Protein chains: 2
Amino acid sequence: MGVIETTRMRAKAAPKRTENAPADLPLSTILSGDCVEAMRSLPDNSVDMVFADPPYNLQLGGDLNRPDGSQVDAVTDHWDQFDSFKIYDDFTRDWMTEARRVLKPDGALWVIGSYHNIFRVGSILQDLGFWILNDIVWRKSNPMPNFKGTRFTNAHETLIWASQGEKSKYQFNYRAMKTLNDELQMRSDWVLPICGGGERLKHNGTKAHPTQKPESLLYRVMLATTEKGDVVLDPFFGTGTTGAVAKRLGRQWIGCEREDFYRDVAMKRIEKELPLDESALETMQSKKNAPRVAFGALVENGYIKPGTEVFDKKRKWVATVRADGSLIYGKQMGSIHGLGKDLQGAPSCNGWTFWHFEQDGPGGPEVKPIDSVRQTYLLATED
Amino acid sequence: MGVIETTRMRAKAAPKRTENAPADLPLSTILSGDCVEAMRSLPDNSVDMVFADPPYNLQLGGDLNRPDGSQVDAVTDHWDQFDSFKIYDDFTRDWMTEARRVLKPDGALWVIGSYHNIFRVGSILQDLGFWILNDIVWRKSNPMPNFKGTRFTNAHETLIWASQGEKSKYQFNYRAMKTLNDELQMRSDWVLPICGGGERLKHNGTKAHPTQKPESLLYRVMLATTEKGDVVLDPFFGTGTTGAVAKRLGRQWIGCEREDFYRDVAMKRIEKELPLDESALETMQSKKNAPRVAFGALVENGYIKPGTEVFDKKRKWVATVRADGSLIYGKQMGSIHGLGKDLQGAPSCNGWTFWHFEQDGPGGPEVKPIDSVRQTYLLATED
DNA sequence: CGCGATGGTGAATCACGTG
DNA sequence: TCACGTGATTCACCATCGC
């Protein structure tokens, strides 16, 4: 599907990720000049993530004044002026096409925008074949009020997270996000303060860049969808928030930035940044990443004896472990997963958490899921 | 600006609004058949607001099961099936063009969608010449989780509020919104629960419509951007939430709906709906222009005595008025808005209508909202 | 009547490797 | 490309029922 015919990146096995990026990548570098030209110098399929904070195409009519008469420092820099939607759309399609080429087949794109541009960006991204995974609302805890009282306070910006295609094996650190959110799934609305205070870069007393993003935003983006050592490309580098957070989190980075002044500010900023040490970078891992253990191996190795009785939480079914690691219940038999599935009449079943057994504990017999034995086995057999 | 040349509706003085709609408008009617055809029967420049909840084009894969094995009842209805983005875009452009014609020059369009369709919708709306005023995020307080742990919980939907053009004199009831939001400017992110419980329409025990919207959402939309007597058109009427809320708030409504069954359900629903009485509506109307009155001023001026007991309609909570105009309930205290909000656990609360008190009347004690005291105060202090 | 346990459900682009 | 086996995975709210 898609209006525009594209070379759809098809599903492939996720390549083994290493901390070593291709030797010809200009890591920790801010490329100068137009970002499309700059990206052309990068090889195909070479970066793990693209984070883009493109110009917003703000259409502010004249100057905006606060009630006290002071003027709002609006985004009126020359790089943000576009004569029409068409020019903005062409610009968007250009940089995004190049970003798509540089991105690995299983890499992901993040773009941030406001209602002025995000609908153009989202549509074009879909037309190019990207597959939207989530739209994320950055809900600002301290937005600028609507001084004139003519609209709702514009209190959020929108991010789009997209993979190269529907079947791509994108990276999502589910467990790390759940941990970060107090053991609840991370939602699509993030409450974060805008960039200010000491974090806001100043030059001669005024803000160095009109739309500097908070580091907390990039922190969450990278923690959620990259691994240590991954390469992050930012085509609109600005003052280098992406680079600073990447360095801190042990990710590699490449930036593109047209303005000499911003490149200067960004490089100085990133040089000052200190990387977190190894132990701090450890995040909660999903069970998906653990090596697979066959239930039969536990029986073979004596962790569970043939003849052991296993049962579900409510003891509705009590089955017996056989020497080959299969279970038997009356005349029905099967693997821990298959038998659990059949007995419940469910579409599927995780036998590791469904079946329990009794074990002697300090205060008498204890009931534990058989998964606890697997954990013990994994610890004991670690290199 | 705009890719497509359109007849831009230019700024005009807002026409004097009356409660009498053009005589040839089919008010309180659900037009049958395709919504584009149905709208063709309506005259140019005749409705004050269009609220549209079009199909989202979800593009779902196979079945989805919860961790407990139960199956998610997905939206797989034929009306949500489109073969390509191009077909969806054409569909969108068609209904929106017709809606634009029917809409008055100073009228406004509201559209709701998710990331599947909202970027297409937003782009096309801009191409047609609509001027986006806000994008509003409906943050669901109780969304469905992401059962497989593959993405962020999709916890919001997006609404776009747009005028016919940049210079249109659209309606925005700033003060009503501020009052509704505990005397803070209403923000672009609204926390509201999804439609469930007694509000969710059922047919033979199952939901009558897969995507029924909560009345609170439409309530806020209409309270913010229409006046009493305004005509609201909903091209995707479904079970008639727009009609029901319009009737309650004293707005006129016209719906379009293809499915006989939904039209039946909607008509029966709206017939049962009771309009708010004049005084309640007058109150809301007057708020827009009324000078702001602090509850504390009423206490200061003796309209309400400190120590007065105030309570919600069901008398679940009985609080006491303190000298500074704050309320106290047990150990909790706050403004009339803040305490009401906290006790209910609601995102916001209009204390003026939430809290009531007893007053001696001709036939014994009467229960009145504290807002009635504000009205008395305003009358007494007029010039 | 209150309280806890239990079960149902909502606009959802919802797994992955092996053969 | 498809079929198959393994196995990872949920939050808030409501309705019902038992005590």
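In what follows, chains carry the letters A, B, and so on, assigned in the order in which the sequence lines appear, proteins first and then strands, with residues in each chain numbered from 1. Small disclaimer: the values here were computed from a predicted structure and weren't measured.
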K.L.:
Could you work out the separation of D:dC4 and C:dT13 based on their P atoms and round it to a whole Å?
P.N.:
28 Å

K.L.:
For the side chain of B:Lys140, counting heavy atoms from C-beta on, which of D:dA8, D:dA12, C:dA11 is nearest?
P.N.:
C:dA11

K.L.:
Select one nucleotide: of D:dT10, C:dC16, D:dT6, the one nearest the side-chain heavy atoms of A:Arg292.
P.N.:
D:dT6

K.L.:
Between residues 144-154 of chain B and DNA chain D, which residues have a heavy-atom gap below 4.0 Å?
P.N.:
B:Pro145, B:Asn146, B:Phe147, B:Lys148

K.L.:
Can you pull out the residues from residues 201-216 of chain B that lie within a 4.0 Å heavy-atom distance of DNA chain D?
P.N.:
none

K.L.:
Taking DNA chain D as the partner, which of residues 344-355 of chain A come within under 4.0 angstrom of it by heavy atom?
P.N.:
A:Ser348, A:Cys349, A:Asn350, A:Trp352

K.L.:
Among pairs that include at least one residue of residues 52-70 of chain B, which meet salt bridge (Lys or Arg N to Asp or Glu O under 4.0 Å), considering only residues two or more places apart or in two chains?
P.N.:
B:Asp53-B:Lys213

K.L.:
Name all pairs fulfilling the salt bridge (Lys or Arg N to Asp or Glu O under 4.0 Å) condition that reach into residues 189-208 of chain B, sequence neighbours left out, sorted by first residue then second.
P.N.:
A:Arg139-B:Asp189, B:Asp73-B:Lys207, B:Arg139-B:Asp189, B:Arg187-B:Asp189

K.L.:
Could you pick out which residue, A:Arg175 or A:Ser335, lies toward the 5' side of DNA chain D when each is mapped onto its nearest nucleotide?
P.N.:
A:Ser335

K.L.:
Between A:Leu298 (CG) and D:dG7 (P), how many Å, whole number?
P.N.:
10 Å

K.L.:
What distance, rounded to whole Å, do you find between the two C1' atoms, one in C:dA11 and one in D:dA15?
P.N.:
23 Å

K.L.:
Nearest to the side chain of B:Trp79 - C:dA11, C:dT9, D:dC13?
P.N.:
C:dA11

K.L.:
Given the structure, check if the side chain of B:Arg66 and the base of C:dG10 hold any donor-acceptor pair shorter than 3.5 Å.
P.N.:
yes

K.L.:
Return the nearest nucleotide to the side chain of A:Lys169; candidates are D:dT10, D:dA12, C:dG17.
P.N.:
C:dG17

K.L.:
If I take atom CD in residue B:Gln71 and atom P in nucleotide C:dA11, what distance separates them, rounded to the nearest angstrom?
P.N.:
16 Å

K.L.:
Suppose you measure atom C1' in C:dG10 against the same atom in C:dC14; what distance do you get, rounded to whole Å?
P.N.:
15 Å

K.L.:
Determine which bases of DNA chain D form Watson-Crick or G-U wobble pairs with both distances under 3.5 Å, and write the result as a 5' to 3' dot-bracket string with | for other-strand partners.
P.N.:
.|||||....|||||||||

K.L.:
Closest to the B:Ile194 side chain: D:dG7, C:dA11, C:dT9?
P.N.:
C:dA11

K.L.:
Please report the distance separating the P of C:dT9 from the corresponding atom of D:dT9, rounded so that it comes out in whole Å.
P.N.:
25 Å

